[in-house]
Structures are given as C-alpha cells and as structure tokens.
Protein chains: 2
Amino acid sequence: MSDLRPPEHQVAGHRAAPNKLGPLVDGAGLFYKPLQALDRGEQELAFYTAFSVHPAVPPRIRDKFFPRFHGTRLLPTAATPGESHPHIVLDDLLQGLASPSVTDIKIGACTWPPRAPEPYVAKCLAKDRATTSVLLGFRVSGIRVSDTGGAVWRPDRSELKGTDIPGVRCMLRRYVSSVGGDGMDCARAAAVYGGEGGVLAQLRELKAWFEVQTLFHFYSASILLSYDANAVTAAGGGGGVRVKLVDFAHVVESEGVIDHNFLGGLCSLIKFIADIVAETSDAAPSCDS
Amino acid sequence: MSDLRPPEHQVAGHRAAPNKLGPLVDGAGLFYKPLQALDRGEQELAFYTAFSVHPAVPPRIRDKFFPRFHGTRLLPTAATPGESHPHIVLDDLLQGLASPSVTDIKIGACTWPPRAPEPYVAKCLAKDRATTSVLLGFRVSGIRVSDTGGAVWRPDRSELKGTDIPGVRCMLRRYVSSVGGDGMDCARAAAVYGGEGGVLAQLRELKAWFEVQTLFHFYSASILLSYDANAVTAAGGGGGVRVKLVDFAHVVESEGVIDHNFLGGLCSLIKFIADIVAETSDAAPSCDS
C-alpha cells in the first residue's frame, strides 16, 4: 500500500492533500476514490454495485465505456492516524499513458436529479445557468493538454467556469493541437477525434446505447476523454484514445424513460467534435473562426 | 371572411370565444392565429418570417414538418366592433380530416429560453417540474381521440396537468386505440405509429435534422400529431398521419449549437412510441402493463 499516491494528471474533482481526502492510484492500474460525504459516496457505490452485474447492460458497453469496479477498500487517512476511510476501487483510466491529454466534460443541460432536495436543485441550477451547461448541454470541467515539446496546458478552475460557447469550441480544438496559443493547429484532430477507434466513433456508439437504455439517468456524470500525446505524435496513430463515463454520485433509476438529458448533451458534444473533424480536413482553424 | 370560425378540433392553446381572441379557420385550408401579447406574437411572426425563407432549412423539412406561412392579416375583433387584430396566417393542419385524432406534445425538459426574464424562467421551471417535462423530456398538452363509433375522448386540461409517466404511456396507447376504457386495443398502432409513412418514421426523419441543425432552439414548441380515424379504420391505411411542429413564440437563435433540449425530448418520445409499436406486434397491451 505504500505506493499509493495522488494521481498526477487529475483534471477535475476533489484532490488529495496531506490533510485532505482525495483519490489515489497505486501505479499498477488501480484508482481509489474516497467515498464522498452526504450520501454521495454511498450512492456512487450503490450504482457501481448494481451496474457492474446488471444483466441488461451490454458487456461491451460496460467494458468499453465504464471503469471496471473492484469493490471497496478501507485505507488509512493521513490526516487522522489510526483512522481509515472507505474507498471505491476502480480501474485507473490513465494507466499506461506516458504523456496524457485529458478532459473531463460534464454532460447534460441539467445536473440535478429531478427529485433532489430543493437547496441542492437551486445550487445546481444556478451553476448550470452560469456555465455552458444549459446553453450547450455540457460543460468542460477540466482539461490538460500535453504539447509535443513536453509542455502542459492546463487552465485553472476559475478560467474554466467563465468559459462561454466559443471558449468551449476553442478548448475542444486546443485538446487536439500539438502546439498552443495562436499557432494552435488541431494537428491531432483526425487521429484523436476521427477515424475508426476515435472519439467520435466511440461517442456515437455510446449514443446508440443512450437512445434505448432505460436503466439509469446519469445526472452530473462526466465523459473523460484521454489519449497519449507521445503515442499520437510518434506513431501517427490515435494514441490509445479512451472514452469513459465517470462520477456517478447522482445517478438515479430511470422509471422506464431514456436519459434524454444526457443524450441531448451527448449529441451536442458529438456535433461540436464532428465540426472540428470536418473543418480540419479542410484548413487549419483558429479560435477566431 | 364570414366563414371564419374557431377550429372544431383544437386540443391546446387559447380558444376563441365571443369576447376572446383565439385561432380561427376558414374551412378552405387556412388557420388564423392571433398575435399573442407580451411580444410573443411578434416573436412568433419573426420566426415564421425568417424560417420560411431561410436558405439553410432543407425544403423537405420545411414542407413536411412545419405549417406553411401565408403572411399576416388584420381581422376584426368580435369583442370591440371597429377594431382589428393582426393574425398569422398558416395552413390549417387538420384540414381534410373527417374524424381527426389529435395530440399536442410539448417537447423539451426545459421550456424556458436560457436568456428569458427571471419571473418567466421561474414560472416555466415550476411547470416543467410539476408536469412530466423534466422527467420525460416532453408533456402531453392536449389530446383528442375519435373512437370507431364516432365517440370522442378528450381529457380536460386539469386531468392532463396531473398526468404522470405511466399516464403518458397510457395516453399514447389510447391515441392509437379504436376503443377506450378497459378495452383499449392499440388497434391502430401499426398503421399510425408504425410503417413507412407512420409517426415513428417521420419523427426519426425529424430527429436526423435536429442532430445537425444549429439554426434555432425551439423552446416550448409542440409536435402536433394527427390522423383521420375514419380513414385509418376504413382503408386500413395510416389515415394520413401528420407530424407537425407548432407554437414558436419562444424560439431563439442557436449560437451554433444544436437544440439538445428539443432533441433529447424528441428521442424520449420516439422511444415511447417505438415501445408501443413493439408491444402491440406481440400482444394487446393495457394501461396496467
């Protein structure tokens, strides 16, 4: 257990610190997420427990788009020696990526479960309206891009919060650029977003499932995109593009209805990414276009 | 002009009365919608004016899914002799249906344009949460079903307002039944919902457009379904199934983003209707199933 450490490339969510709980990784492929307060941890655990064995979930969807669930583990808390805290054990989604480019995109115009308590609804609604969620059907909660030269671009949270629609478009271009700033080139768009195993193809497969699944509504869940900037530049391949759903503290059962809120946001994200792929096959775009 | 009268089969919206403005039809194929108060009429007129000539709207989409716009006309108001009121002139969508079955389905979990004034947002949000809009992505605003025997089923507005998810499913079954009550048979499901020119095929064509169109966001618009109960029973055909969008007082420009709110609700409606078609090809369902 001594190898446990905070993940190096986390882009959103709570972070571990000497006296603060946060996720840990073991470097061997596992990710330890501390159970959150206010029943959220219990709810997320209940989701993973139900989802991981649900007979109506296609195995391909579960394996391809969700982190594998490995149960729970009590880990000692650094802040209070002698005490321990339960963690959900999952696959480390960034394992094996030497130079990861990662973005966390919270999906859905509405991030509050319809039957949530009123103060929580009000808080979420205010944030959905203050960010791009209501307008776009999604918001970028975190992003980290590895440039070819080894530099990393990573806007802080306050910068992300103030992002408008053109800003989101720009970030999704920046995410597949090998250089930043005015020279932003979208050089990796075809490899990462396009092609057979690319983000777009994977998102469309996910969409086909959301058009029919009436098991869960994924309020406030995110799509985590990642690829290896080293691999995409060196080999010209997709750099092991990964598309995963994360953050299930507000998932609810669906009452026989599709998750139209998640699906709408997902379709909006697909259109944004499809536009970037189409543009970059013509000419190099910039944030001004 | 003496032939103008309130439409016989209107299922939702304001109704004309001796001292109240409401839509009129001329019996020859035209529908006259009085400009609504509070800028809504002006906004709806602006939408029709822009939409009817917009070069980026595919002619097939415009012709198939929208009432044709014939400009405006000043009509005398019955309440105040000597005064007149501007009306938007449109195709009468129920023209030619001898025994129309009609339903008005308001699409979208969210019926308020994001930049609407605060009191309006609060009012719409409360209604979206009190009805099935937030849960389902749509709500049934009106329904009228012609039984084979000539009887008409038409729940009133208070009944519609209190409808829950199973109630909506039941209404969408009732809409394609030739008899009501416990004997509800979904006898018209294959003809009206299924098949080549059926509701489902038309909704899927509409969906394909909403997956790419970034012109307008249709807040608070409805899909009006209609068919001729006489034709569907007599000939065994689809009874001239019509799928039209109506009510554009809250349409806004889209800022380059798809209408994820409308699209999500549309996909939810498609899933409900597809389920009914699938069920009825197996066995006769009831409201209990």
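Every chain is numbered from 1, with letters handed out A, B, ... down the list of sequences. Computed from a predicted model, the values in this text were never measured in an experiment.
- Identified by a heavy-atom distance below 4.5 Å to chain B, contributing residues of residues 42-57 of chain A are lacking entirely.
- Annotation for A/His217 and B/Leu135: closest pair CE1-O, 4.1 Å, computed over non-hydrogen atoms.
- Taken to the nearest 0.5 Å, the CG atom of B/Asp164 stands 9.0 Å off from the CD atom of A/Glu255.
- Of the atoms belonging to A/Ser254, not a single heavy atom falls under 4.5 Å from chain B.
- Shown here is A/Lys64, whose NZ atom has more than 12 heavy atoms of other residues, nucleotides or ligands within 6.0 Å.
- A/His260 places no side-chain N or O within 3.5 Å of a backbone atom of B/Leu263 that could act as its donor or acceptor partner.
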In sequence, state the C-alpha distance, the side-chain angles, and the governing distance for A/Ile258 and B/Phe272, and then conclude on side chain to side chain contact (heavy atoms under 4.5 Å, CB included).
CA-CA 9 Å; A/Ile258 65 164; B/Phe272 262 62; over 6 Å; no

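- Of all the listed residues (A/Gly137, A/Cys110, A/Ala274), the one sharing the greatest number of non-hydrogen pairs under 4.5 Å with chain B is A/Gly137.
- Contact count against chain B (heavy-atom pairs under 4.5 Å) is highest for A/Leu136 among A/Ile165, A/Val212, A/Leu136.
- Of the atoms belonging to A/Leu125, it is side-chain heavy atoms, and not backbone ones, that fall under 4.5 Å from chain B.
- Minimum heavy-atom separation, A/Glu211 to B/Lys207: OE2-NZ, 2.7 Å.
- Here the options are B/Asp259, B/Thr214, B/Val257, the test is side chain to side chain contact (heavy atoms under 4.5 Å, CB included), and the partner is A/Ser268; only B/Val257 passes.
- For CD of B/Glu253, the number of neighbouring non-hydrogen atoms (other residues, nucleotides, ligands) closer than 6.0 Å is 12 at most.
- Within residues 111-119 of chain A, the residues having any heavy atom under 4.5 Å from a heavy atom of chain B are, by residue number, A/Trp112, A/Pro114, A/Arg115, A/Glu118.
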